[in-house]
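Written below as structure tokens is the structure these notes are about.
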Amino acid sequence: MTDSIMSKAATMEIPINSNGDTGPLPEDDSLEQGGNWFDGTCLEDRRLAAQIQWSLDEKVGNPRLTRDLQQVMVSGPNLNETSIVSGGYGGTAEGIIPTSSIKGANMHHSSSSQSLTAEEVSRGVAVEKFDIMKKWSINTYKCTKQMISERFGRGSRTVDLELEAQIEVLRDTKLKYENILRLARALTNHFYNMVQTQHALGDTFADLSQKSPELQDEFGYNAETQKLLCKNGETLLGAINFFVSGINTLVNKTMEDTLMTIKMYENARLEFDAYRADLEELNMGPRDAATLARIDTAQQQYQIHKDKYERLRSDVTIKLKFLDENKVKVMHKQLLLFHNAISAYFAGNQQQLEQTLKQFNVQLRPPGSDKPSWLEEQ
């Protein structure tokens with residue numbers, strides 16, 4: 001009985017058409033009379049009406065219900081726009097704090113701290129580069145001033161007579177060894193061309209011995225001679241190539257490394273004299289507070305460059321000594337090999353020529369190894 005009454009009441013309040021759509025609700029008298037929308041009785045009536053409408057839609061299969069549910073699922077509340085309300089239901093808007101604002105504030109604070117850190121790092125790098133550039137400029141100015149003074153005979157320079165003499169001997173020796181290397185390479189190229197010519201000539205003699213029966217023996221003798229000379233020439237080429245390789249290593253690696261150390265020593269000597277002249281100039285000036293501070297700084301720089309100069313001078317002395325010993329050992333072996341190989345070749349002593357290469361552990365390249373393979377040419 002109660003259910004029928006509630007159904008009639010709901011039907012009177014919410015009319016239903018053939019499609020199950022609800023019609024407009026009648027105007028609430030309580031609103032016109034200034035009644036409260038959130039009155040408990042009105043709220044209970046509307047809840048009851050909504051439950052009745054839900055049951056009716058569910059029974060008749062109202063399509064609007066499915067459409068409304070889909071709309072609610074699609075247009076649901078955005079978690080990023082959820083608000084935190086303080087003061088309870090119906091409170092003022094002053095207590096509403098959007099969570100998106102909190103998230104944005106945290107992100108802004110994080111990005112600000114990161115930008116400050118990056119700015120500090122870039123500033124530190126800029127300051128470090130500026131200090132390096134400043135030191136380089138001062139050092140370059142002092143060294144240039146010292147160099148010009150030495151060129152015009154106005155400044156004094158530190159000279160180690162014994163070491164300077166050894167350096168000059170090394171540079172002169174390097175020039176002479178470079179000339180030997182150039183001539184040995186030229187001999188190798190010319191002798192290689194001669195061996196190739198002998199090889200082609202031997203092949204031609206062998207071919208003519210087959211096609212000329214009346215001169216078969218004569219062409220055959222010459223073909224055998226050229227082939228033997230070609231074989232001995234390839235053996236001699238191996239010895240000369242070994243000689244060239246040894247001289248090249250001595251000149252362009254061992255001597256060049258020592259000359260690089262000598263160049264560093266000469267630069268250190270120039271810096272040492274530049275800071276020494278600067279310190280002497282300050283010591284000759286007035287002795288006020290500012291000058292004394294500059295003298296202390298100049299004294300420290302002078303000591304630093306003095307230690308560097310002495311260390312490099314010691315390195316040069318040691319390298320010159322080892323270079324001289326290495327040069328004697330290498331050249332003794334290379335010159336002996338070159339002499340024995342040349343003598344055996346032009347004497348026609350094939351056995352002695354091969355024995356010379358074995359004595360100095362010279363490995364001959366197989367024929368055709370000078371030409372790169374098709375894979376290496378790619």
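The structure displayed is predicted, hence computed values, not measured ones.
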Seminar exercise, completed: Distance col, row Asn222:CG vs Phe205:CZ, nearest 0.5 angstrom, shows 4.5 Å
Seminar exercise, completed: Here the gap from Asp296 atom CG to Gln301 atom CD, rounded to the nearest 0.5 Å, amounts to 12.0 Å
For this session: Starting at CD1 of Ile342, measure out to CG of Leu187 and round the result to the nearest 0.5 Å.
Result: 6.0 Å
Problem set entry | Lys329/Glu325 salt bridge by N-O under 4.0 Å criterion | no
Exercise. So, Phe242 versus Phe338, ring centres under 6.0 angstrom or not?
Worked result: no
Exercise. Once you round to the nearest 0.5 Å, how far does SG of Cys143 lie from CD of Glu271?
Worked result: 4.5 Å
Exercise. In terms of side-chain geometry, is the basic nitrogen of Lys176 or Asp172 positioned less than 4.0 Å from the acidic oxygen of its partner?
Worked result: yes
For this session: Would you kindly say whether Ser156 and Arg276 are connected by a side-chain donor-acceptor distance under 3.5 Å?
Result: yes
For this session: Is it possible for you to say whether Leu270 and Tyr309 belong to one hydrophobic cluster, with membership spreading through side-chain heavy-atom contacts below 4.5 Å?
Result: no
Problem set entry | Residue Glu168 excluded, over 12 heavy atoms near CD under 6.0 Å | yes
Exercise. Just by distance, do the side chain of Thr225 and the backbone of Tyr221 share a donor-acceptor pair under 3.5 Å?
Worked result: yes
Seminar exercise, completed: In short, Leu282 meets Thr291 closest at the heavy-atom pair O-CG2, 4.2 Å
For this session: Give a yes or no on whether a salt bridge exists between Glu178 and Arg182, defined as a side-chain N under 4.0 angstrom from a carboxylate O.
Result: no
For this session: Determine, using ring centers only, whether Tyr302 and Tyr275 are less than 6.0 Å apart.
Result: no
For this session: Nearest 0.5 Å please: distance from the OG1 atom of Thr249 over to the CE atom of Met255.
Result: 11.5 Å
Seminar exercise, completed: Between His199 and the options Thr197, Asp203, Leu201, the side-chain contact (heavy atoms from CB on, under 4.5 Å) test singles out Asp203
Problem set entry | Pairwise distance CZ(Phe191) to CE(Met194) - rounded to 0.5 angstrom | 4.0 Å
Exercise. Should Asp207 and Lys211 count as an ion pair when the cut-off is N to O under 4.0 Å?
Worked result: yes
Exercise. Hey, are Asp315 and Lys319 close enough for a salt bridge, meaning a charged N less than 4.0 Å from a carboxylate O?
Worked result: no
Exercise. Does the side chain of Gln359 pick up a donor-acceptor pair with the side chain of Gln355 at under 3.5 Å?
Worked result: no
